[in-house]
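Contents: one structure, followed by commentary.
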Amino acid sequence: MRRPALHGALVWVLSLTFAGCSPGSTDAAPVAASTAARLHPVSGLPVIPLTVESGGKLHRFDVELASSAAEQSRGLMFRTELGPDEGMVFPFKPHRMASFWMRNTVIGLDIIFVGPDGRIINIAANAVPYDETPLESDGIAAAVLELGGGRAAQLGIRPGDRVRW
């Protein structure tokens with residue numbers, strides 16, 4: 001008799017445990033989305049969609065997400081190519097004044113500083129490869145977006161435009 005009672009209790013506990021994992025559960029969606037993230041073949045970082053709303057146009061990018069200190073320190077160093085609709089985003093927690101340089105960065109970049117409100121603060125356009133001159137935000141930054149050098153101007157992206165990811 002003890003065995004069926006124990007078995008019944010075990011089934012009850014397991015049903016509660018797995019109830020949160022059902023396909024209809026709202027808790028399951030974020031897990032499924034995070035495990036389905038595409039990884040960049042060179043950096044191994046997650047690739048996420050990012051948009052910039054500029055002058056009534058919506059520009060779409062696939063960007064690598066550099067979220068840890070180590071990932072942010074490496075950034076796009078040593079990379080030899082970056083597609084026109086590719087980039088890297090560096091979110092900051094806590095938000096802060098930001099300063100970037102081009103040490104060991106082979107390709108020219110547009111360094112786009114994004115404020116806590118999601119709007120572009122300023123752009124360090126066409127940052128020169130290997131230059132160690134600090135390129136700074138004009139205010140508190142929530143993130144930095146790096147695109148290929150000259151891409152922001154080509155698309156008409158400018159301070160005040162909204163960035164979302």
Side-chain angles (χ1 to χ4, degrees), residues 26-165:
T26 56
D27 292 339
V31 172
S34 66
T35 57
R38 183 170 59 109
L39 299 179
H40 191 274
V42 176
S43 69
L45 296 176
V47 176
I48 62 169
L50 179 142
T51 60
V52 178
E53 186 179 341
S54 176
K57 294 181 182 176
L58 194 61
H59 304 288
R60 299 178 191 279
F61 301 93
D62 287 328
V63 298
E64 297 164 62
L65 178 62
S67 52
S68 74
E71 293 164 351
Q72 291 182 358
S73 291
R74 182 164 176 94
L76 290 169
M77 287 183 180
F78 307 108
R79 298 282 284 278
T80 56
E81 60 185 20
L82 186 66
D85 297 320
E86 296 177 339
M88 185 174 281
V89 66
F90 303 74
F92 303 136
K93 288 194 182 186
H95 302 161
R96 63 178 185 258
M97 295 297 291
S99 181
F100 275 54
W101 60 6
M102 296 290 287
R103 175 181 284 177
N104 297 320
T105 307
V106 179
I107 54 178
L109 297 173
D110 286 344
I111 301 174
I112 301 170
F113 298 94
V114 181
D117 62 355
R119 296 204 176 270
I120 296 173
I121 302 168
N122 63 298
I123 301 172
N126 291 303
V128 178
Y130 302 106
D131 187 359
E132 294 189 15
T133 303
L135 303 168
E136 301 178 343
S137 61
D138 288 345
I140 300 295
V144 165
L145 169 62
E146 291 183 339
L147 300 175
R151 188 70 172 136
Q154 183 182 33
L155 296 173
I157 295 172
R158 59 184 189 271
D161 291 347
R162 183 171 296 282
V163 180
R164 290 187 175 98
W165 68 91

With a 4.5 Å limit on heavy-atom distance, are the side chains of [X] and [Y] in contact?
{"X": "Val63", "Y": "Ile48", "result": "yes"}
{"X": "Pro91", "Y": "Leu65", "result": "yes"}
{"X": "Val52", "Y": "Leu147", "result": "no"}
{"X": "Pro49", "Y": "Arg60", "result": "no"}

How many angstroms lie between atom [atom1] of [X] and atom [atom2] of [Y], to the nearest 0.5 angstrom?
{"X": "Glu64", "Y": "Phe90", "atom1": "CD", "atom2": "CZ", "answer": "9.0 Å"}
{"X": "Arg74", "Y": "Ser68", "atom1": "CZ", "atom2": "OG", "answer": "12.0 Å"}
{"X": "Thr105", "Y": "Ile111", "atom1": "OG1", "atom2": "CD1", "answer": "7.5 Å"}
{"X": "Ile112", "Y": "Ile120", "atom1": "CD1", "atom2": "CD1", "answer": "5.0 Å"}
{"X": "Asp161", "Y": "His59", "atom1": "CG", "atom2": "NE2", "answer": "7.5 Å"}
{"X": "Gln72", "Y": "Ser67", "atom1": "CD", "atom2": "OG", "answer": "7.0 Å"}

Atom of [X], atom of [Y] and distance for their closest heavy-atom approach:
{"X": "Leu135", "Y": "Phe113", "answer": "O-CZ, 3.3 Å"}
{"X": "Met88", "Y": "Leu45", "answer": "CE-CD1, 3.8 Å"}
{"X": "Ile107", "Y": "Pro129", "answer": "C-CG, 3.7 Å"}
{"X": "Asn126", "Y": "Gly150", "answer": "OD1-N, 2.9 Å"}
{"X": "Ile121", "Y": "Val114", "answer": "CD1-C, 3.9 Å"}
{"X": "Gly115", "Y": "Ala142", "answer": "O-CB, 3.6 Å"}

Please check if the side chain of [X] supplies one atom and the backbone of [Y] the other of a donor-acceptor pair under 3.5 Å.
{"X": "Asp110", "Y": "Arg151", "value": "yes"}
{"X": "Gln154", "Y": "Gly149", "value": "no"}
{"X": "Thr51", "Y": "Leu58", "value": "no"}

Full working for side chain to side chain contact (heavy atoms under 4.5 Å, CB included) between Glu146 and Leu82: CA-CA 10 Å; Glu146 291 183 339; Leu82 186 66; 6.0 Å; no

Pairing of Glu86 and Arg79 as salt bridge, 4.0 angstrom limit: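 Answer for the salt bridge query: no.
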
More than 12 heavy atoms from other groups under 6.0 Å of CD on Glu81: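 Open.
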
Aromatic ring pairing Phe100/Phe92, orientation class (parallel under 30°, perpendicular over 60°, tilted between):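 Tilted.
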
